[in-house]
Amino acid sequence: MNSISSETSPITTTTEATVRGGAAARRIRRAVTILIAVLVAMIDWVICTQLVGLDLMVDQGAGPTPVNPLLVGLAPVLSGLSGWALLAILERINRRRGPTIWMIIAIVVAVLSCWSPWAMALSVSIAVALTSMHVLVGATVIIGMMISGARRP
């Protein structure tokens, strides 16, 4: 005699665990992406300041300000977390097209962010060095977030 049980079937439980595990893995990959972006920015900063010998200074209106490691490390964290939040929202709204929409927005923001080094740098060489950081961090975050997306069957 077949009785209908209110218990969850093993298939449903396995599927739910897989979805939760996939979400956790995706969060870990995205967090690692942000850490890699910080590492990339710091390596670029070391190359520009220690190997090339640039004194990275910008003028934000209050006089020359040094671009120190704290600022270099904080920028990828803030931009990465902001990008991650927007990507998560877009994925919830439209799972299929959300990542594509996010990528377009992220590329536009990354390109526009390259204007600030040219507007604030005290020399062309500093502007080039800071632009390299923007490009490297932007590319790392964009590629990492897109790779970290949900795996499609």
Side-chain angles (χ1 to χ4, degrees), residues 6-52 54 56 58-61 65-121 124-153:
S6 64
E7 294 180 27
T8 307
S9 73
I11 294 172
T12 304
T13 305
T14 303
T15 304
E16 288 172 1
T18 302
V19 168
R20 279 189 299 246
R26 185 171 49 253
R27 283 191 295 274
I28 290 169
R29 288 190 302 267
R30 289 179 179 174
V32 168
T33 293
I34 293 171
L35 292 175
I36 292 170
V38 171
L39 183 62
V40 165
M42 295 305 294
I43 290 170
D44 193 8
W45 182 85
V46 167
I47 289 170
C48 292
T49 59
Q50 305 304 308
L51 297 178
V52 177
L54 291 174
L56 298 180
V58 294
D59 188 353
Q60 298 174 319
T65 306
V67 178
N68 61 44
L70 177 64
L71 295 174
V72 171
L74 191 58
V77 171
L78 294 176
S79 62
L81 290 174
S82 299
W84 183 353
L86 178 60
L87 178 56
I89 291 167
L90 291 171
E91 285 174 334
R92 284 190 182 262
I93 292 171
N94 188 333
R95 185 157 176 79
R96 196 170 128 252
R97 291 194 179 133
T100 302
I101 294 167
W102 179 85
M103 185 175 59
I104 293 166
I105 293 169
I107 290 170
V108 169
V109 169
V111 168
L112 291 176
S113 81
C114 291
W115 171 251
S116 63
W118 292 94
M120 293 187 277
V124 172
S125 58
I126 293 172
V128 169
L130 295 175
T131 301
S132 73
M133 286 182 206
H134 281 245
V135 170
L136 290 172
V137 167
T140 301
V141 169
I142 292 168
I143 292 168
M145 292 292 174
M146 292 308 295
I147 290 172
S148 73
R151 304 287 182 219
R152 295 193 178 103

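Position 1 is the first residue of the sequence, and the numbers go up from there. What you see is a predicted model, and the numbers here were worked out from it, not measured in a lab.
Summarising the geometry, atom CG belonging to Asp59 is positioned 11.0 Å from atom CD1 belonging to Ile126; distances are rounded to the nearest 0.5 Å. Taking CG of Leu56 as the reference point, atom CG of Asp44 lies at 9.0 Å (rounded to 0.5 Å). We find the CD1-CG distance between Ile142 and Leu87 to be 11.5 Å, quoted to the nearest 0.5 Å. Note that CG of Leu71 and OG1 of Thr65 are 9.0 Å apart. Values are rounded to the nearest 0.5 Å. Distance CD1/Ile36 to CD1/Ile43: 10.5 Å, rounded to 0.5 Å. Distance check: Met145 CE to Thr140 OG1 gives 10.5 Å after rounding to the nearest 0.5 Å.
Inter-residue side-chain proximity for Leu130 and Met120 is flagged as unmet; no heavy-atom pair is nearer than 4.5 Å. By the 4.5 Å heavy-atom criterion applied to side chains, Leu81 and Val77 are counted as neighbours. Using a 4.5 Å heavy-atom threshold, the side chains of Met133 and Pro117 count as separate. Put simply, the side chain of Pro76 does not reach to within 4.5 Å of the side chain of Val141, judged on heavy atoms.
With a 6.0 Å radius and a threshold of 12 heavy atoms from other residues, nucleotides or ligands, Trp115 has its CH2 atom at or below the threshold.
For the pair Ser116 and His134, the tightest heavy-atom approach, listed with the atom from each and the gap, is OG-CE1, 3.5 Å. Contact record, Leu54 with Ser125: CD2-OG, 3.6 Å, taken as the closest heavy-atom pair. Considering every non-hydrogen atom in both Cys114 and Val135, the closest pair reads SG-CG2, 3.9 Å. Heavy-atom minimum distance, Ser148 versus Arg26: O-CG, 3.0 Å.
Here side chain to side chain donor-acceptor pair (under 3.5 Å) pairs that include residues 67-83, with residues two or more places apart or in two chains, number zero.
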(Q) Apply side-chain contact (heavy atoms from CB on, under 4.5 Å) to residues Ile101 and Glu91 and explain how you reach the verdict. (A) CA-CA 9 Å; Ile101 294 167; Glu91 285 174 334; over 6 Å; no

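Formation of a donor-acceptor pair under 3.5 Å by the Trp102 side chain with backbone atoms of Leu86 is not found in this model. With hydrogens and angles disregarded, a donor-acceptor distance shorter than 3.5 Å links the side chain of Trp45 to the backbone of Val67.
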